[in-house]
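Working notes, structure below.
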Amino acid sequence: QVLDETFKTNLAYNKSVQASNSRSDKYPSYHLTDGKLDTYWASDDASNKATLTLNLNAPTTFDRILLGEGIEFGQRVNNFTIEAVVDGLW
């Protein structure tokens with residue numbers, strides 16, 4: 001119940017997201033914000049580092065982020081960094 005309440009609002013839903021690359025047309029970056037549990041983005045096999053940029057369109061305050069990895073291609077993520085533009089600076 002706490003998780004449901006915490007994540008009841010998807011701030012990224014239908015927002016613009018850009019990826020440095022995608023595995024194919026089957027795994028585009030917009031799958032990250034389409035609200036569907038059966039779609040996802042995947043980087044290409046040759047990539048060992050990928051960048052996603054999400055535009056929330058307005059200053060937005062939040063203190064949690066939920067990330068998941070589609071493991072159809074095996075576990076590939078071993079670390080990540082979250083950065084934000086605050087007052088115009090990364």
Side-chain angles (χ1 to χ4, degrees):
Q1 185 178 4
V2 173
L3 285 177
D4 290 340
E5 182 65 24
T6 299
F7 295 107
K8 71 180 178 183
T9 302
N10 181 350
L11 298 175
Y13 181 68
N14 277 338
K15 297 296 191 286
S16 172
V17 62
Q18 303 297 317
S20 56
N21 65 69
S22 293
R23 184 178 179 93
S24 71
D25 290 343
K26 187 176 175 184
Y27 307 102
S29 62
Y30 68 81
H31 280 176
L32 294 169
T33 60
D34 66 7
K36 299 177 184 176
L37 296 177
D38 62 343
T39 62
Y40 59 91
W41 165 79
S43 64
D44 62 41
D45 283 336
S47 177
N48 62 7
K49 184 177 182 181
T51 302
L52 297 167
T53 303
L54 174 67
N55 185 346
L56 296 175
N57 300 329
T60 306
T61 300
F62 59 92
D63 61 357
R64 292 175 177 88
I65 187 167
L66 178 64
L67 302 172
E69 178 179 11
I71 58 169
E72 178 179 334
F73 307 114
Q75 185 174 355
R76 299 170 8 146
V77 176
N78 61 18
N79 63 57
F80 59 89
T81 301
I82 298 171
E83 298 178 350
V85 175
V86 178
D87 296 330
L89 301 172
W90 281 99

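None of these values were measured; they are calculated from a predicted model.
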Verify the neighbour count for atom CD of E72: are there more than 12 heavy atoms of other residues, nucleotides or ligands below 6.0 Å?
yes

When every non-hydrogen atom of H31 is compared with those of Y40, the smallest separation belongs to ND1-O, 3.1 Å

Under 3.5 Å: donor-acceptor pair, side chain of T51, backbone of S20:
no

Among all residues two or more places apart in sequence or in another chain, which pass the side-chain hydrogen bond (donor to acceptor under 3.5 Å, both in side chains) test with S22?
W41

Please identify each residue that fulfils salt bridge (charged side-chain N to carboxylate O under 4.0 Å, His left out) with K8, with sequence neighbours left out.
E5

Among pairs that include at least one residue of residues 39-55, which meet salt bridge (Lys or Arg N to Asp or Glu O under 4.0 Å), considering only residues two or more places apart or in two chains?
R23-D45, D45-R76

Distance-only criterion, 3.5 Å: show the donor-acceptor pairs between side-chain atoms of residues 55-66 and protein atoms not counting sequence neighbours.
unit_1	atom_1	unit_2	atom_2	d
N55	OD1	N57	N	2.7
T60	OG1	A58	O	2.8

Greater than 12 external heavy atoms within 6.0 Å of I71's CD1:
no

Nearest-0.5 Å distance that lies between atom OH in Y30 and atom CD in Q18:
13.0 Å

Do you know the tightest heavy-atom contact between G74 and E69?
O-OE2, 3.8 Å

Tell me, which pairs form a salt bridge (Lys or Arg N to Asp or Glu O under 4.0 Å) where one or both residues lie in residues 78-90, sequence neighbours left out?
none

Taking only distance into account, with no hydrogens and no angle test, what donor-acceptor pairs under 3.5 Å do side-chain atoms of residues 9-16 form with protein atoms, sequence neighbours excluded?
unit_1	atom_1	unit_2	atom_2	d
N10	OD1	A12	N	2.9
N10	OD1	Y13	N	3.2

